[in-house]
Novice: 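Pasting a structure below so you can have a look.
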Protein chains: 2
Amino acid sequence: MTPGAEKADWTAIRRDLLGRIQSGAWRPGDAIPREVELAEQYHCTRSTVGRALRDLATAGFLERRRKGGTTVSANPVRKAPLEVPIIADAIRRSGHEPAYRLLETGWLPPPPGVGDLGGLDPDAALIFLSALHLADAAPHQLEQRWLNPAAVKGLRQSDYATAPVDEWLLNNAPLTSATIDIAAVPAPATVASALNMTTGAPTLRITRISWKQTLLIGILHLYHVDGFSLKTAI
Amino acid sequence: MTPGAEKADWTAIRRDLLGRIQSGAWRPGDAIPREVELAEQYHCTRSTVGRALRDLATAGFLERRRKGGTTVSANPVRKAPLEVPIIADAIRRSGHEPAYRLLETGWLPPPPGVGDLGGLDPDAALIFLSALHLADAAPHQLEQRWLNPAAVKGLRQSDYATAPVDEWLLNNAPLTSATIDIAAVPAPATVASALNMTTGAPTLRITRISWKQTLLIGILHLYHVDGFSLKTAI
DNA sequence: TAGTGGTCTAGACCACAAA
DNA sequence: TTGTGGTCTAGACCACTAG
């Protein structure tokens with residue numbers, strides 16, 4: 001799309017601008033034309049080029065400042081959209097048949113090393129459950145969960161005996177905020193045996209701590225089978 | 001912000017709508033009012049509520065379909081913005097003093113297990129370099145890089161002897177696309193000794209494969225010191 | 001202070017998918 | 001077929017900030 005030709009469409013403009021960046025015509029640190037100029041070049045309004053520019057800016061390719069203008073990012077590779085694999089849905093989308101097996105339930109204090117718990121007593125007993133997620137009958141993830149009873153009133157064991165507790169949570173404590181932490185850790189013995197690994201072997205652990213405002217909902221540990229990796233693209 | 005009061009502002013509308021979702025007033029699967037109705041409630045135009053709705057949709061809270069209307073996501077916890085820690089910049093932003101030490105250079109074939117290389121001969125010799133990134137004089141990341149000589153013509157060893165090769169790449173092969181892969185692997189002996197770990201101990205490995213269109217630029221392995229974790233929030 | 005991006009309006013037409 | 005979101009326009013005013 002040569003500027004000056006064709007009809008405006010913010011995705012086309014976005015593509016064209018990105019092409020100029022990736023081809024090196026505009027280099028990191030360069031200032032690019034003002035919105036009004038681009039609008040003239042593309043025969044459209046400022047709103048339309050603005051949409052394309054804003055999109056490239058949130059994607060990290062451009063930096064914009066009032067009065068300072070728009071420049072090509074000097075440090076572009078920063079944010080990647082990570083699709084955190086939350087259980088069954090992720091398995092199903094990868095083309096495998098998911099299954100769920102509840103392994104253990106009880107009451108336990110929160111695991112060590114998870115940081116701030118929003119004022120919760122670190123020795124307080126939380127609802128604990130551990131469950132295995134399988135893909136095509138092979139172990140895939142081991143889930144360990146600590147739930148704050150004050151935040152999940154009404155939850156019964158039958159709610160997670162045969163199906164992941166996510167379904168109950170979704171309907172009863174929906175759409176909370178969360179922090180996510182990804183680390184490589186040696187597999188504890190219980191984890192290793194459930195996932196057919198050797199104790200101490202590297203496993204990818206995703207920790208998710210969920211909140212409803214300042215109230216802790218729960219802590220989730222997901223341990224992944226050997227060979228699993230998170231994939232994304234930028 | 002009660003709908004019907006105050007002045008419109010798409011961020012305020014976004015906050016208000018998100019509040020209705022997170023409070024449970026609108027539950028997963030629910031249909032929410034049409035744009036025209038919301039525009040009336042908030043005393044603004046359809047464009048403005050549209051901006052708020054679009055933003056919540058890209059964040060994963062809403063799903064929108066022409067004619068089908070807008071519904072609250074039934075499976076909200078999906079995408080998290082992952083800030084991939086690419087070297088010095090990340091260290092500096094975390095408040096530490098970065099340093100760089102080139103360990104080894106030479107020619108090597110690409111590492112196994114990285115999948116498609118865009119037609120590159122899997123035995124072809126690539127420019128190889130390995131370097132250590134330190135934070136406050138302590139090892140932080142070990143970088144191993146394979147660069148396609150056809151994609152980095154003009155690169156000399158002096159370009160990465162004392163500073164990360166990223167700086168040269170940024171100016172000479174800028175703003176490529178990339179795939180990212182995050183895995184827990186046992187530390188190879190060379191990695192372990194550089195990072196003061198024991199061989200075979202779990203280490204978080206980030207693999208980034210960079211492309212310029214279909215041309216492979218290079219492969220990057222980042223091995224992280226024990227105790228490191230990626231953090232994000234949703 | 002002046003110039004740039006950020007936002008909002010009021011209206012129009014279009015594209016897609018549900019009924 | 002028809003209702004919904006998706007987009008574009010032409011214009012205006014505002015907010016931030018570089019000079």
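In what follows, chains carry the letters A, B, and so on, assigned in the order in which the sequence lines appear, proteins first and then strands, with residues in each chain numbered from 1.
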Novice: Suppose we screen for side chain to side chain contact (heavy atoms under 4.5 Å, CB included). Which residues come up paired with B:Ala31, at least two apart in sequence or across chains?
Specialist: B:Thr71
Novice: If the condition is side chain to side chain contact (heavy atoms under 4.5 Å, CB included), which residues does B:Arg66 pass it with, not counting sequence neighbours?
Specialist: none
Novice: Can you measure A:Leu62 atom CG to C:dG6 atom C1' for me and round it to whole angstrom units?
Specialist: 16 Å
Novice: In whole angstroms, how far is the P atom of C:dT4 from the CD1 atom of A:Ile32?
Specialist: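 Rounding to the nearest Å, CD1 of A:Ile32 and P of C:dT4 are 13 Å apart.
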Novice: Do we see a donor-acceptor contact under 3.5 Å between the side chains of A:His133 and A:Glu143?
Specialist: yes
Novice: Does a side-chain N or O of B:Thr45 approach OP1 or OP2 of C:dG11 to a distance below 4.0 Å, or not?
Specialist: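 Answer is no, no contact under 4.0 Å.
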Novice: Checking A:Ser47 now: which residues fulfil side chain to side chain contact (heavy atoms under 4.5 Å, CB included) with it, not counting sequence neighbours?
Specialist: A:Thr45
Novice: Holding to salt bridge (charged side-chain N to carboxylate O under 4.0 Å, His left out), I want the full list of residues that pass it with A:Arg54, two or more places apart in sequence or in another chain.
Specialist: none
Novice: From CZ of A:Arg14 over to P of D:dG6, roughly how many Å is that when rounded to an integer?
Specialist: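 Answer to the nearest Å: 17 Å.
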Novice: Among D:dA10, D:dC8, D:dG5, find the nucleotide with the atom closest to the side chain of A:Thr48.
Specialist: D:dC8
Novice: Looking at A:Arg46 and C:dG6, is any side-chain donor or acceptor paired with a base atom of the opposite kind under 3.5 Å?
Specialist: yes
Novice: Can you tell me how far C1' of C:dT4 sits from CD of A:Glu63, to the nearest Å?
Specialist: 16 Å
Novice: Residues two or more places apart in sequence or in another chain: which of them pass side chain to side chain contact (heavy atoms under 4.5 Å, CB included) with A:Ala138?
Specialist: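 Counting only residues at least two positions away or on another chain, A:Ala138 forms no side chain to side chain contact (heavy atoms under 4.5 Å, CB included).
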Novice: According to the interplanar angle, ranging from 0 to 90°, do the rings of B:His221 and B:Tyr223 count as parallel (below 30°), tilted (30 to 60°) or perpendicular (above 60°)?
Specialist: perpendicular
Novice: Taking salt bridge (charged side-chain N to carboxylate O under 4.0 Å, His left out) as the test, write out the residues that go with A:Arg64, two or more places apart.
Specialist: A:Glu35
Novice: How long is the line joining CZ of B:Arg54 and P of D:dG6, in whole Å?
Specialist: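 Checked: the CZ to P distance equals 8 Å.
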Novice: 5'-most contact on DNA chain C: B:Thr11 or A:Arg34, nearest heavy atom basis?
Specialist: A:Arg34
Novice: Has A:Arg64 got a side-chain N or O lying under 4.0 Å from the OP1 or OP2 atom of C:dT4?
Specialist: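 A:Arg64 to C:dT4 OP1/OP2: no side-chain N or O under 4.0 Å.
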Novice: With respect to the side chain of B:Glu35, which nucleotide from C:dC8, C:dA10, D:dG6 is positioned closest?
Specialist: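 Closest nucleotide to the B:Glu35 side chain: D:dG6.
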Novice: Please list, chain by chain and in numerical order, all residues satisfying side-chain hydrogen bond (donor to acceptor under 3.5 Å, both in side chains) with B:Asn148, sequence neighbours excluded.
Specialist: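 None.
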Novice: Would you mind reading off the distance between B:Trp10 atom CH2 and C:dT9 atom P, rounded to a whole angstrom?
Specialist: 14 Å
Novice: For A:Pro33 and for A:Ser47, locate the closest nucleotide of DNA chain C by heavy-atom distance; then report the residue assigned to the nucleotide nearer the 5' terminus.
Specialist: A:Pro33
Novice: Figure out the CG/P separation between A:Leu56 and C:dG6, and round it to whole Å.
Specialist: 12 Å
Novice: Could you state the OH-P distance from B:Tyr42 to C:dT9, rounded to the nearest angstrom?
Specialist: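 Rounding to the nearest Å, OH of B:Tyr42 and P of C:dT9 are 14 Å apart.
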Novice: Look for any protein N or O under 3.5 Å of an N or O in nucleotides 14-19 of chain D and output each such pair with its distance, or none.
Specialist:
{"unit_1": "D:dA15", "atom_1": "N3", "unit_2": "A:Arg66", "atom_2": "NE", "d": "3.4"}
{"unit_1": "D:dT17", "atom_1": "O4'", "unit_2": "A:Arg66", "atom_2": "O", "d": "3.4"}

Novice: Indicate the atoms forming the closest heavy-atom contact of A:Trp211 with A:Ile217, along with that distance.
Specialist: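 Reported closest heavy-atom pair: C-CG1, 3.8 Å.
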Novice: How does DNA chain D read in dot-bracket, base by base from 5' to 3', with Watson-Crick or G-U pairs under 3.5 Å and | used when the partner is on another strand?
Specialist: ||||||||||||||||||.
